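Beneath this line is the structure, given in structure tokens, with notes to follow.
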Amino acid sequence: MIGNNSVCVEKWQEGEEKTMICRIVTIPGDGIGPEIVGEACKVLDKVGQIYGHEFHYTEILMGGCSIDTYGVPLTDEALETARKADAVLLGAVGGDVGNSRWYDVAPNLRPEAGLLAIRKGLNLFANIRPAYLYKELAQACPLKKEIIGDGFDMVIMRELTGGLYFGERCTEKIDGVMTAKDTLTYNENEIRRIAVKAFDIAMKRKKKVISVDKANVLDSSRLWRQVVEEVAGDYPEVELSHMLVDNCAMQLVMNPGQFDVILTENMFGDILSDEASMITGSIGMLSSASLNETKFGLYEPSHGSAPDIAGKDLANPIATILSAAMMLRYSFDLDREAAAVEKAVQKVLEEGYRTGDIYGEGCMKVGTAQMGDLICARCI
Ligand code: IPM
Ligand code: MG
């Protein structure tokens, strides 16, 4: 079956394991994007070999490379190709803001606009960003030992298609004074659907949701709180509490172990997820999934395109590889296969292999491609 919401073709034969044919659209993008997506596909292919699945890839352009080729960060055709896939794997888009070719243009023509357009165009309203401290990377965590304690394992559920990012905006002269305006709007349905996702995920974890808002100032936050409370009524086993965003920023570096699922709106989630990623030791470790109401999803590392190290075999591919594992789990229901990838990453870290961003004394420094190979070899 072709089209969004499609289910991957499943081949069944008596006495045989389930085999899936999965159509993946890849978006290598800019900077280190092509290198890290290449490593993630390598790992997917290894998983396919072992478990008998077929992954078919179609590549599209988005971001700066699309601007260079088509003059826009995402063409309608590319968006339609993505819509027809079972899932999308993205590297990173954007570049150095000093790159006038991409940035001396209207905001809706810059590389990042492609990312916003694909999120909105495919209705990817639920952005899941796990932040987990591998004990092997504890020395790369900037927090003191007594704060790290037994480590932390949280998930940020960020609303991704509403709020300030998509509200009306303008810049104009009012009474001779340059004035810019951005609007933050949420309706109850947008809040409800992301809250449901957060509670669903909490049910599979430690059953604790902390909803983050700025209800002491913003109307949108007061509605957020009210709707989240209503949704909580359907999940009596989940403990819900509310936290103001400024306090949350502080709590993340004071007591990160207290968090299980953080539920929050678009912009707060953008900021808090960078903070959470930093305390895991490196933003190069953080995966993410952006989902709609179906099994369809877009999977990407939480980090950016790192143009300064692009093409040098220096980038850490782990966040993208872990994003591919999330794809296996959320879009294809291949839990066993996802766990195999996650275990392989764990094993490589235990054995002491590190890319430059997570390198510490006594470890073995490896490049992007070698890290991909090491993970492949441990996918069993
Ligand atoms: C992210 C990024 C994007 C965002 C940018 C590139 C538009 O920071 O995915 O967190 O703010 O959502
Ligand atoms: Mg961000």
Side-chain angles (χ1 to χ4, degrees), residues 27-33 36-37 40 61-67 72-74 79 82 88-99 102-103 105-131 154-167 169 182-184 186 190 194 212 245 248-249 252 262-280 282-292 297-308 310 315-316 319-320 322-323 326-327:
I27 310 180
D30 308 315
I32 58 171
I36 54 180
V37 166
L61 296 185
M62 189 172 96
C65 55
S66 175
I67 296 175
V72 289
L74 180 71
L79 181 62
V88 179
L89 181 65
L90 166 65
V93 295
D96 197 337
V97 283
N99 177 349
W102 295 349
Y103 290 95
V105 293
N108 64 333
L109 291 175
R110 293 180 192 160
E112 288 76 5
L115 187 56
L116 299 185
I118 200 167
R119 287 174 180 170
K120 192 72 172 178
L122 302 177
N123 197 25
L124 304 170
F125 65 88
N127 183 216
I128 306 176
R129 297 187 166 182
M154 69 182 96
V155 164
I156 298 184
M157 179 65 81
R158 169 188 176 194
E159 201 291 326
L160 204 60
T161 53
L164 274 172
Y165 277 58
F166 295 96
R169 68 179 95 253
D182 296 283
T183 45
L184 201 181
Y186 271 108
E190 290 170 315
I194 188 76
V212 174
V245 62
C248 183
L252 274 171
I262 293 180
L263 162 64
T264 194
E265 64 92 53
N266 203 344
M267 179 147 230
F268 297 160
D270 178 43
I271 298 166
L272 295 176
S273 61
D274 264 27
E275 188 185 0
S277 73
M278 202 47 237
I279 59 171
T280 67
S282 167
I283 196 167
M285 299 295 297
L286 270 264
S287 55
S288 91
S290 304
L291 309 173
N292 64 17
L298 178 146
Y299 300 84
E300 59 172 318
S302 291
H303 60 73
S305 62
D308 51 324
N316 183 351
T320 318
L322 291 173
S323 302
M326 289 181 92
M327 172 189 287

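For this chain, numbers begin at 1 and follow the sequence in order. The structure presented is a predicted model; accordingly, all values stated were derived computationally and were not measured. First listed ligand is number 1; within each ligand, the first listed atom is number 1.
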Between Glu112 and Tyr103, is a side-chain contact (heavy atoms from CB on, under 4.5 Å) present by the stated rule, with each step listed? CA-CA 10 Å; Glu112 288 76 5; Tyr103 290 95; 2.9 Å; yes

Minimum-distance protein heavy atom relative to atom 6 (C) of ligand 1: Glu112 CG, 3.6 Å

Short N/O distance, under 3.5 Å, between Arg158 and ligand 1? yes

Would Met267 count as a contact of ligand 1 if the rule is a heavy atom under 4.0 Å away? no

Report the nearest protein non-hydrogen atom to atom 11 (O) of ligand 1: residue, atom name, distance rounded to 0.1 Å. Tyr165 OH, 2.6 Å

Just to confirm my output: which protein heavy-atom neighbour is closest to atom 2 (C) of ligand 1, and how far is it? Asp270 OD1, 4.0 Å

Just wondering, is there an N, O or S atom on Asp270 that's nearer than 2.8 Å to the Mg ion (ligand 2)? yes

As an exercise, state the distance from CG of Leu272 to CG of Leu252, rounded to the nearest 0.5 Å. 6.0 Å

If the contact criterion is a heavy-atom separation under 4.0 Å, does Arg110 count as touching ligand 1? no

Do Phe125 and Glu159 touch side chain to side chain, with heavy atoms closer than 4.5 Å? yes

Could you tell me if any non-hydrogen atom of His303 lies under 4.0 Å from any atom of ligand 1? no

State whether the shortest distance between N or O atoms of Arg119 and N or O atoms of ligand 1 falls below 3.5 angstrom. yes

N or O contact, Arg129 vs ligand 1, cut-off under 3.5 Å: yes

When rounded to the nearest 0.5 Å, the distance separating CG of Leu286 from OG of Ser302 is 4.5 Å

